[in-house]
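The block underneath contains the structure these notes are about, expressed in structure tokens.
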Amino acid sequence: MVPLPILVFEDLATVDFVEAWDLKFVAFCFVATILSIGIAIVISYLLHDRSIQGEFVQVSYRSSAALLGVALIQNIYGQSVMGPLMIIGSVPLYNIMAVVVLSFLQPNKRVIDAQVIKKTLKGIITNPIIIAIIAGILWSLFKIPMPAILSKNCYICW
């Protein structure tokens, strides 16, 4: 709930997106994520035990891209904007779809009504990683300097 959103925020807040933006790379990450989610959903309908369908889908496409992907990129390339761009292209979609999949493919399926949609939207809006991504992008775009204490605290979390 706290360390990963802080890491994601810091990764995004310290990048100059105006200079580093690569639409093709972000679009590739987004499309690859959409395809993996779609494939997982299709395969989930082949399960004999439909009570685990939502969990199966989420586990099938979810990755540790924000954590392991960024660390791997930094180990290979040093400081690179590829990690933050990958986070923008994939991680919000991971988290949004996690809420959607677990809401709509739950074991005790109810009719998808206004209450289910409202609960799903609330889950998306209050997701700590999505909040961190939006805050990090805004921090970067408005060129707000990163206070020294904030950048040191990010490393203490890990």
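Positions are given from 1, in the same order as the sequence printed here.
Nearest heavy-atom pair across P145 and W139 is O-CZ2, 3.6 Å.
Side-chain heavy atoms closer than 4.5 Å link hydrophobic residues (I, L, V, M, F, W, Y) into clusters, and following such links, even through other members, never connects F104 to V42.
For S140, the side chain to side chain contact (heavy atoms under 4.5 Å, CB included) criterion is met by F17, not counting sequence neighbours. S51 pairs by the side chain to side chain donor-acceptor pair (under 3.5 Å) definition with D49, not counting sequence neighbours.
Taking NZ of K143 as the start and CG of L141 as the end, the distance is 7.5 Å to the nearest 0.5 Å. Of the inter-residue distances, the one linking S44 atom OG with E55 atom CD reads 11.0 Å to the nearest 0.5 angstrom. One finds the CD1 atom of I87 at 9.5 Å from the CD1 atom of I137 (value rounded to the nearest 0.5 Å). In this structure, OG1 in T120 is found 12.0 Å from CD1 in I96, a value given to the nearest 0.5 Å. Atom CG of residue L85 and atom NZ of residue K24 lie 14.5 Å apart, to the nearest 0.5 angstrom. A distance of 6.5 Å separates CD1 of I34 from CE of M97, quoted to the nearest 0.5 Å.
The side chain to side chain donor-acceptor pair (under 3.5 Å) contacts involving residues 29-43 comprise T33-S90, where partners must be two or more places apart or lie in separate chains.
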Original post:
Does the side-chain contact (heavy atoms from CB on, under 4.5 Å) test come out yes or no for F9 and I134, once each step is laid out?
Top reply: CA-CA 8 Å; F9 168 80; I134 293 168; over 6 Å; no
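Judged by distance alone, the side chain of E10 and the main-chain N or O of L7 form no donor-acceptor pair under 3.5 Å. Not one N or O on the side chain of Y45 forms a donor-acceptor pair closer than 3.5 Å with the backbone of R50.
Counting non-hydrogen atoms of neighbouring residues, nucleotides and ligands closer than 6.0 angstrom, the CZ atom of F25 exceeds 12 such neighbours.
Under the side-chain contact (heavy atoms from CB on, under 4.5 Å) test applied with P84, the options L12, T14, I133 reduce to a single match, L12. Here the rule is side-chain contact (heavy atoms from CB on, under 4.5 Å) with L93, and of I88, I37, I130 only I37 fits it. Here the rule is side-chain contact (heavy atoms from CB on, under 4.5 Å) with I52, and of L47, V59, L105 only L47 fits it.
The aromatic rings of Y94 and Y61 are tilted relative to each other, their planes meeting at an angle between 30° and 60°.
Between V26 and D22 there is no side-chain heavy-atom pair separated by less than 4.5 Å.
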